[in-house]
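Contents: one structure, followed by commentary.
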Amino acid sequence: MDNHDSTPETAATSRRDVLKGALAASAGSVGLAGCIGGGGSGGGSGTLKIAYLVPTSGPYGPVGNEYQDAMRMAREDVDDEVAGNDVEVIVRDSGTSPDVAVPTAQELIREEEPDVMIGALSSAVVLALEEIAAREEIPYFGIGGTNFKATGENCNQYSFVKLASGYQYGGAPLTMVDQGTSESFYFIVADYAGGTGPYQGITDQLEANTDAELLGRSMAPLGNDDYSTQLQAARDSGADTVWSVVAVADAVTLMNQADSAGLTEDTNFGIGISTILEAESLGTDTVAGTYSGASFYHTVEESQEFTENFRNQFGRPPSNWAADAYDCCREALDAVERSGSTDADDLVSALEGNEFDWTRSTQSWRACDHRAVQPYYALEGKQESDKADSFDYYNVLGNKSGEDIMRPCDETNCSL
Amino acid sequence: MMSPVALAALSEQLATGVIYGISLGMLYALIALGLTLIFGLMDVINFAHGALVTGGAYVGLVAMDVAGSFWLALLVVPVAIGLLGLVIERGLVSQLYGENPIYQLVLTFGVALVLEGLIIVQFGQTQQRIQAPGLLSGSPVPVGPAVIPRYRLFIIIVALVLLALIWITFQRTKLGLIVKAGIEDRERTQLLGINLSRINMLIFALGSALAGLAGLMMAPIFSANPSLGTDFLIIAFVVTVVGGLGNVRGTIAAALLVGVLSQLTQTFYAEYSQLIIFLAMIVVLLIKPEGLFGGQTA
Amino acid sequence: MILSILTREDARTDGQTLVERFGNSRLVPVVYAALMLVMPFLFAPGLVIEIMILGLFAMSFNILFGITGLLSFGHALFFGTGAYVAGYISITAGYPMVVVLGIVILTAIVLSIVVGALSLQLSDVYFAIITLAFAQFGHEMAYVLSEYTGGSDGMTGITRSSPFGLAVIDVTEIIVFAYVVVFFTLVIGLFLYGLSNSLFGRTLKSIRENEDRTKTLGVNTYRVKVVAFVVAGTVAAIAGMLWSMYLQFIDPAVLYWTLSGDAVVSTILGGMTSVFGPLVGTALLHTIEDQLFTTQPGPLSVTTGGLLVLIVLFSRSGVLGILKGVLTRLLDRVLATRE
């Protein structure tokens with residue numbers, strides 16, 4: 001499920017300005033922590049320039065904050081100099097849609113000549129930035145991009161995609177079947193690639209690996225806020241588990257309406273990615289008894305060290321967004337360290353196949369399509385009385401991981 | 001012939017679609033009614049109407065934070081937004097009466113931008129949840145073959161009562177007569193010595209109050225966010241056009257029609273539902289510009 | 001010496017002030033041309049390109065709004081169509097820019113004849129609403145036809161074809177492309193300037209002032225308006241084409257009504273009474289955002305809206321009009337002290 005595809009009608013304000021590209025583009029760089037390297041154009045003369053393109057304002061501002069906090073921590077966890085280079089960090093607003101992100105990225109590349117780009121939230125933006133990365137030959141890490149195309153037809157040697165793919169989302173429903181919680185499924189699917197892709201991925205997996213009954217799906221058109229028909233269809237299907245693949249902004253609305261329709265009580269209602277940030281918007285009462293999935297959850301044992309450090313620095317545990325951003329930033333810095341260079345091709349070779357465990361159990365960058373090999377957890381919302389602290393929204397039910405929940409290399413349409 | 005099971009399922013889908021459609025249509029009616037009256041009487045296309053809807057949701061948010069009661073918010077919001085509408089009318093809109101309506105459109109568009117901007121400054125852009133009161137939440141209620149959340153029924157009932165009150169006022173009272181006359185023929189009504197500027201104020205305030213109330217009522221379903229009203233505004237334009245600008249009964253009927261149509265198309269032709277709405281609007285405008293139910297001539 | 005020239009009697013002949021005479025003279029387009037040609041050197045090329053393209057779009061909108069008195073809230077339809085058509089052609093066939101331009105123009109003419117002929121049968125307010133409906137319809141089509149448009153993911157990989165297929169003009173270099181865009185905007189801007197002062201342009205203005213009277217003069221106002229609509233739509237489509245080549249990416253946002261709203265704002269701000277006003281307004285808007293409100297959509301919206309309200313109420317000729325007024329009064333004072 002792609003949570004961050006641009007949904008124009010639900011965020012008309014961000015749509016308002018095609019002009020905004022210019023404003024973000026010509027804005028001065030908003031420097032974060034990290035030493036500002038001396039002069040030198042980007043490329044290897046002593047300064048490693050990393051550019052972050054994240055939402056700094058607008059509806060996804062809070063996610064953007066998570067990203068920035070995590071990447072700041074990543075930068076600080078590493079030595080001042082990386083393979084003899086100073087590190088300069090440049091942050092630009094990606095907005096929530098490509099018509100802002102694309103001119104911003106282009107202007108950024110022209111002005112600053114970064115060595116590495118990290119960012120983007122929505123699938124559409126990731127796809128567009130991948131193109132730019134390939135054209136300009138700059139290694140790029142997509143923190144968004146559930147869309148299959150990102151590591152399918154659109155893949156290229158310079159782009160790496162961290163966020164779990166629609167296919168990997170299957171990890172949560174698969175876990176629930178394994179544990180006997182779910183025997184039958186109905187899906188509510190946002191009617192665009194960011195919804196249909198993950199729907200495809202999840203159902204393919206369920207069909208291939210389980211006996212679970214797939215009782216159908218209901219499409220939710222973009223720009224529609226009223227899910228009553230879809231919820232009714234879900235109820236009528238008789239499935240014990242209703243799983244939704246819609247954008248995150250819509251997920252909150254969907255959950256409210258599902259709650260109001262009594263569906264969250266009568267079925268196992270899942271909303272794909274939801275950890276701390278999303279649960280905070282929904283409130284414990286709504287979250288309790290519902291399900292979600294994520295590629296990271298802070299109570300998991302292998303994530304304790306990262307969680308502790310993050311909590312000490314920021315006073316709250318990291319969300320999955322923070323964890324992904326941290327991974328990408330550490331990997332970028334680590335690749336420079338290991339290869340001893342800031343040259344794009346050297347970095348790509350250093351990254352492919354590399355294993356890392358900065359935030360959770362071992363992950364890696366799959367060589368055939370540059371998608372992150374990672375775990376995917378099924379989460380169950382806790383009742384207020386069971387919460388250990390105010391951030392403890394979910395129980396981890398279990399997980400699937402690695403290549404089990406990925407498309408086989410030869411089926412991806414990516415030829416790297 | 002359909003099997004009994006399939007028939008039952010279909011009738012349930014239809015019933016659900018229709019009832020949800022009516023609840024949606026009621027919200028559209030509240031918003032469109034203000035628009036159509038304001039245009040009918042003053043020749044003003046109030047582009048700020050959407051921002052007033054959004055404002056209603058946020059004023060409601062504040063009211064609930066302060067007083068903790070949804071019911072209180074239901075009283076406070078229309079008054080507050082009605083007053084806001086009054087200020088806008090007196091201070092800004094009335095300056096441009098008699099001129100080409102496109103200037104009014106631009107003016108109200110500017111007002112909309114200002115209001116939306118203020119909301120963003122004060123509340124940020126993330127969605128905020130407004131909880132319906134306990135009485136209206138809880139398990140859904142069976143209505144015929146369908147099962148409907150209580151809140152939806154609440155919307156239908158409240159809107160119905162309000163619209164009925166307004167309709168009766170229009171039909172039975174002297175005030176209503178004046179308004180209708182003003183809509184039908186402005187100049188003649190003024191020639192009769194009636195001071196329309198007070199009526200203008202009243203109608204603008206009423207329209208705004210209704211818009212604000214609609215905003216509050218839709219917030220528990222759609223969450224409060226700065227573009228809440230703007231999304232609905234476009235559809236409200238469709239409704240006023242289809243119903244006939246200035247035609248109260250037509251607008252209400254059109255609102256229900258559009259609401260039900262959009263719900264049913266969602267159930268059966270989800271991909272094309274938005275497309276169909278705009279296509280319908282274009283067709284109506286071309287074939288019967290005065291609206292399906294008659295209104296001011298184009 | 002210069003002042004004495006100014007104080008000569010004929011500097012004030014036939015009742016016009018010096019500023020007015022300048023404003024109506026041939027010098028104006030020359031000044032604009034000079035400014036525009038110099039801009040890519042003074043400012044970031046990306047910024048210049050955006051101002052030029054979106055300014056061109058606003059200028060096309062103003063043909064309908066300021067000159068003819070028609071408010072079209074669906075102008076984004078043509079911008080978006082130009083963008084998508086150009087993008088689609090460039091991906092499927094690598095024609096040089098002139099060929100793409102030709103196809104875009106043809107498509108725009110056909111589309112604007114259809115939409116214009118239908119919409120212009122309605123008056124004023126209904127016209128605004130039906131154009132809005134057409135644009136939103138187009139916006140939805142971009143999703144329905146996602147096989148061709150890429151749907152919500154948008155269309156990526158649009159190539160920037162060189163003007164005549166000649167490699168010597170390397171448009172992948174941003175400053176070269178900036179000049180191509182400036183060239184387009186300038187040429188079309190001058191064309192519009194000439195059009196506005198021609199018989200056709202004066203007819204349009206006459207329709208704006210009083211359509212009935214214009215009809216009694218024997219003018220088929222409907223046909224004239226359709227022609228204006230076609231010109232406006234075609235120019236908008238060309239702007240859209242340039243936009244898709246600039247970003248090398250297009251998504252349905254180019255068809256959403258808020259883009260039309262931006263044109264309205266820029267036009268009012270800069271001055272709807274002049275041809276180049278919208279361009280000035282676009283530059284102004286960009287500068288305001290850039291310098292004051294980079295990541296603050298709230299205050300930006302308040303400021304923009306506030307300016308819109310003030311201008312529509314007090315100074316309909318926008319910033320340019322205000323400038324003219326100030327200049328006139330300054331010169332008056334200068335001349336007065338000399339007497």
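Bear in mind that the values here come from a model prediction, so they are computed numbers and not experimental data. First the proteins, then the strands, lettered A, B, ... as listed; each starts at 1.
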Check step by step if side chain to side chain donor-acceptor pair (under 3.5 Å) holds for Asn46(B) and Thr108(B). CA-CA 6 Å; Asn46(B) 185 17; Thr108(B) 52; 4.5 Å; no
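Side-chain N or O atoms of His49(B) include one that pairs as donor or acceptor with a backbone N or O of Ile31(B) at under 3.5 Å. One N or O on the side chain of Gln257(A) and one on the backbone of Ile221(B) form a donor-acceptor pair closer than 3.5 Å. Checked by atom type and distance alone, the side chain of Ser244(A) never pairs as donor or acceptor with a backbone atom of Phe187(A) at under 3.5 Å.
There is no contact between Arg150(B) and chain A, counting heavy-atom distances below 4.5 Å. When heavy atoms are compared at a cutoff of 4.5 Å, Leu24(B) approaches chain A solely by way of its side chain, counted from C-beta outward. With a 4.5 angstrom heavy-atom cutoff, Gln128(B) does not touch chain A via any of its atoms. Residue contact with chain B, scored on non-hydrogen atoms closer than 4.5 Å, involves the backbone and the side chain of Asn256(A) alike.
Between chain B and the options Ser218(A), Gly283(A), Ser228(A), Gly262(A), heavy-atom pairs under 4.5 Å are most frequent for Ser228(A).
Enclosure of atom OH in Tyr272(B) is not indicated, since only 12 or fewer non-hydrogen atoms of other residues, nucleotides or ligands lie within 6.0 angstrom.
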